[in-house]
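Note sheet for the following structure.
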Amino acid sequence: MADYFGLLGDYSEISEVGLKRMAAKAVGTGEPRLKVHGEEQAFFCAINHGKTDAVQFYKDPLERYTVMFYGFVSASDLLEAELRSQGVKPEKELLPLILQAYKICTGDFVDLLHGNFSLLISDSLTQSVFLAKDHFGTCPLYYTEPMRKGVRFFSSNISIIAEHPDFEKEFNPEPLLFYLSLEYNPHSESFWRNVYSVPAGSWVLITEEDIKIDRYFTPSFAPDERSLSEHVDEIFESVKESVHNYSNVESLGAYLSAGVDSSFVTVLGQPSEAFSLGFLGFDGIFQENSRASELAAQHDLNFHSVEVSGADYVSSLLKVQSYLDQPNCNFSTISLDLLGEFVDERVSYILTGDGADEFFGGYDPYIKSKRYRTYEKYLPKSLRSFIASRISTDVKLYSRSANIKRCGMEVAEYFFGSSMTGHPEQVGKVLKPEYLPSVGVEEFFAPFYRDIADEDELSQKMLFDINFTLLGDMSIKEERMANAHNLQLRAPLLNRSIFDVARSIPAEMRTSAVESKVPFRRAASRVLGRKWSEQKKLGFVAPFRYYLKDRNLAQDLYDILKDPLTERFFQREIIDLYLTEHLQGSRARHKELFAVISFVLWYKDKFID
């Protein structure tokens, strides 16, 4: 739907043909609309598809500054109040207001904007560029080191700037093991050498001499002593207000799974259309649309559902990596692409329930079962640690043995996100030695865990997911898959105001031995009822493990696994072993093989001409 990019330096001229070639790499369907501003040492372009301009473009009256903004601001009242406190009358329009704040305040003015966005401000007089992301980094934005002729690039989409003749395209293998284990790249440097992601809650100021990066917001928990009912009251009112702020548009739809998060947001938002998805030939968790249909009927929602076949899923898998700057191997990425394709341009905006799991404690790995709690209570830590040391890392990730092992370990030794594909030591066996990282996964995350060592175990896990999984996996797949189909995401739970409510809930109140995000579910029950508020977390779960066993359906995927390019990065004997184990049913290997297939498809699209 929309992307933007910029260049700074003595860049090679961009011809009309070259600009069209770059614009063709932007995600979205239909004829792109371009807004361009070129100077001797700078060039900027906003690219929009669809019915609305998701990227806004602004030049100040003196044409010194260029502002490009992607996303949505739900509230700017704090910023306006700050300007008034300095004796300045705030501008009425958003982009002039942002520029006004940039000139008067420090870069930390971004902290006073609540929403989901990225932005760029260029100053032609100082030859500087200011980049920023919202508090949780929900919209992509990258910058580069100086490349050919000393030119720097900035973009919401790396594939666009990779088409410019001054861009130096080189693959960076350092994140590969991390991707295989975590589903995404947690490094600031991308899979493209010398291309970096702007961190969440941060701004970057780039001048001819220097790059300055400052983090204006760092998530943390500050539990208070209020009762459960008081927290529930605050959650309900805050979510209701945020959903109202995010829903105040025409042509609004919603993604409705069978989970509590999207249900809560959808019922409060009352969109004109609600959309869900199910998989043909399967029931239970693979038919979320059945339960979503029931909820829609109860609340008089105009409901649509798409039935996905195995052939549909494989077809999407074969193309979806082309929408992504970096490889992603989350099964639901494919589901979101299929759902977006079905929605097409029936609506312009899509509500989602993203953010609740990270902020309120919704993922299964956050829950300590009764068995786990008993084991922890009656066995001393030294004995638990000894037992853990005797259990191999090559056990199924969520098996009883793995749970026993984790009970004897520190969080920093085993928890690298709720979406882990497998333990890094185990997953690394599939990689050729020359592609193993210079710094291991545990060592890479050690500084982060040292900074939060005083937090309780649950808070450490949640802060990990907020800082890494949300930024690198969840937000990117949602944003890119919606953007690819000309849809603007509206995520009212993924907001600073909601997090400020969530951070005050004590750890012991967030989960129980059988239930996640307890206060949030209680708040949701006020509009959903108890049955719906107790639904287990799903999120368009896909039956890929079964598709991979269908030799007719999965032949294209087997061919990818046998491709010589696959052997460049991965151990042939391990790939063959995993596929044999999966087909014979001796051990499910669909996660590992899905990651390999997704990476090879991504690499072919980005680096093989």
Side-chain angles (χ1 to χ4, degrees), residues 56-62 64-123 130-139 141 198-205 212-222 224 226 230-231 233-249 268-269 355 359 466 488 490-505:
Q56 300 176 54
F57 189 100
Y58 174 72
K59 288 290 298 182
D60 73 307
L62 298 179
R64 172 178 171 178
Y65 295 97
T66 301
V67 182
M68 290 192 288
F69 177 92
Y70 171 66
F72 172 67
V73 169
S74 61
S76 59
D77 52 311
L78 294 176
L79 181 57
E80 293 168 18
E82 173 63 23
L83 290 171
R84 290 191 186 96
S85 73
Q86 298 194 34
V88 176
K89 182 181 179 181
E91 295 281 356
K92 294 181 179 180
E93 299 296 324
L94 178 61
L95 267 60
L97 175 68
I98 288 173
L99 179 58
Q100 182 183 41
Y102 174 69
K103 291 189 288 186
I104 294 173
C105 309
T106 67
D108 288 352
F109 79 88
V110 186
D111 190 28
L112 302 177
L113 289 173
H114 289 187
N116 311 117
F117 59 85
S118 67
L119 63 91
L120 176 155
I121 303 173
S122 169
D123 183 346
F130 175 85
L131 309 170
K133 280 184 178 179
D134 67 66
H135 298 86
F136 305 102
T138 56
C139 298
L141 182 56
V198 174
S202 301
W203 55 262
V204 179
L205 181 63
K212 180 180 180 182
I213 302 175
D214 189 80
R215 186 155 191 176
Y216 65 82
F217 173 73
T218 301
S220 63
F221 289 103
D224 60 32
R226 287 180 293 166
E230 289 174 306
H231 282 290
D233 289 342
E234 185 179 33
I235 292 169
F236 181 79
E237 293 301 326
S238 299
V239 170
K240 186 169 69 171
E241 180 181 1
S242 186
V243 171
H244 172 76
N245 291 339
Y246 276 71
S247 303
N248 193 23
V249 290
L268 286 175
F359 294 175
I466 291 169
Q488 288 191 51
R490 290 292 172 93
L493 304 181
L494 198 51
N495 189 289
R496 169 68 187 272
S497 62
I498 299 297
F499 179 75
D500 285 344
V501 172
R503 72 190 295 261
S504 67
I505 302 171

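Since this is a predicted model, take the numbers as computed values, not measurements.
Ring planes of Phe499 and Phe217: perpendicular class, angle over 60° (limits at 30 and 60°).
Distance check: Leu94 CG to Phe117 CZ gives 9.0 Å after rounding to the nearest 0.5 Å. Interatomic distance, Leu99 CG to Thr66 OG1, rounded to the nearest 0.5 Å: 9.5 Å. Distance check: Ser497 OG to Leu78 CG gives 9.5 Å after rounding to the nearest 0.5 Å. Distance check: Thr138 OG1 to Lys133 NZ gives 8.5 Å after rounding to the nearest 0.5 Å. Taking CD from Glu82 and SG from Cys105, the interatomic distance works out to 5.0 Å, rounded to the nearest 0.5 Å.
Considering all non-hydrogen atoms of both residues, Leu494 and Gly355 come closest at CD1-CA, 3.8 Å. Ile498 approaches Ser238 most closely through the heavy-atom pair CD1-O, 3.7 Å. Shortest non-hydrogen contact noted between Leu95 and Tyr58 is CD2-CB, 3.5 Å. Of all heavy-atom pairs between Ser74 and Asn495, the closest is OG-ND2, 2.9 Å. In terms of heavy-atom proximity, Val73 sits nearest to Phe69 at CG2-CZ, 3.5 Å. Heavy-atom minimum distance, Arg226 versus Ser504: NH2-OG, 3.1 Å.
The 12-atom threshold is not exceeded at CG of Asn248, counting heavy atoms of other residues, nucleotides or ligands nearer than 6.0 Å. No more than 12 heavy atoms of other residues, nucleotides or ligands sit less than 6.0 Å from atom CD of Glu241. For Gln86, the CD atom sits in a packed shell: over 12 heavy atoms of surrounding residues, nucleotides or ligands are nearer than 6.0 Å. In Lys59, the NZ atom is crowded: over 12 heavy atoms of neighbouring residues, nucleotides or ligands sit closer than 6.0 Å.
Side-chain polar atoms of Arg490 and Ser247 form no donor-acceptor pair below 3.5 angstrom.
Outside the 6.0 Å centre-distance limit, the rings of Tyr216 and Phe109 are not counted as a close aromatic pair.
Considering only heavy atoms from C-beta on, Ile505 comes within 4.5 Å of Ile235 through its side chain. Counting only heavy atoms from C-beta outward, the side chains of Arg503 and Asp500 approach each other to under 4.5 Å. Phe130 places none of its side-chain heavy atoms less than 4.5 Å from the side chain of Asp123. Put simply, the side chain of Leu120 reaches to within 4.5 Å of the side chain of Ser122, judged on heavy atoms.
Identified under the side chain to side chain donor-acceptor pair (under 3.5 Å) test for residues 101-120, with sequence neighbours left out: Tyr4-Ser118, Asp108-Trp203, Asp111-His135, Asp111-Arg496, Asn116-Tyr246.
Pro90 is linked by a side-chain contact (heavy atoms from CB on, under 4.5 Å) to Glu80, Leu83, Arg84, Leu97, Gln100, counting only residues two or more places apart in sequence or in another chain.
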| task | List the steps and the verdict of side-chain contact (heavy atoms from CB on, under 4.5 Å) for Glu237 and Lys240. | result | CA-CA 5 Å; Glu237 293 301 326; Lys240 186 169 69 171; 3.5 Å; yes
| field | Verdict with reasoning, Leu493 to Phe359, per side-chain contact (heavy atoms from CB on, under 4.5 Å) | value | CA-CA 9 Å; Leu493 304 181; Phe359 294 175; 5.8 Å; no
| field | Gln56/Val67 under side-chain contact (heavy atoms from CB on, under 4.5 Å): CA gap, chis, key distance, verdict | value | CA-CA 8 Å; Gln56 300 176 54; Val67 182; over 6 Å; no
| Stepwise side-chain contact (heavy atoms from CB on, under 4.5 Å) test for Val249 and Phe72 | CA-CA 12 Å; Val249 290; Phe72 172 67; 5.8 Å; no
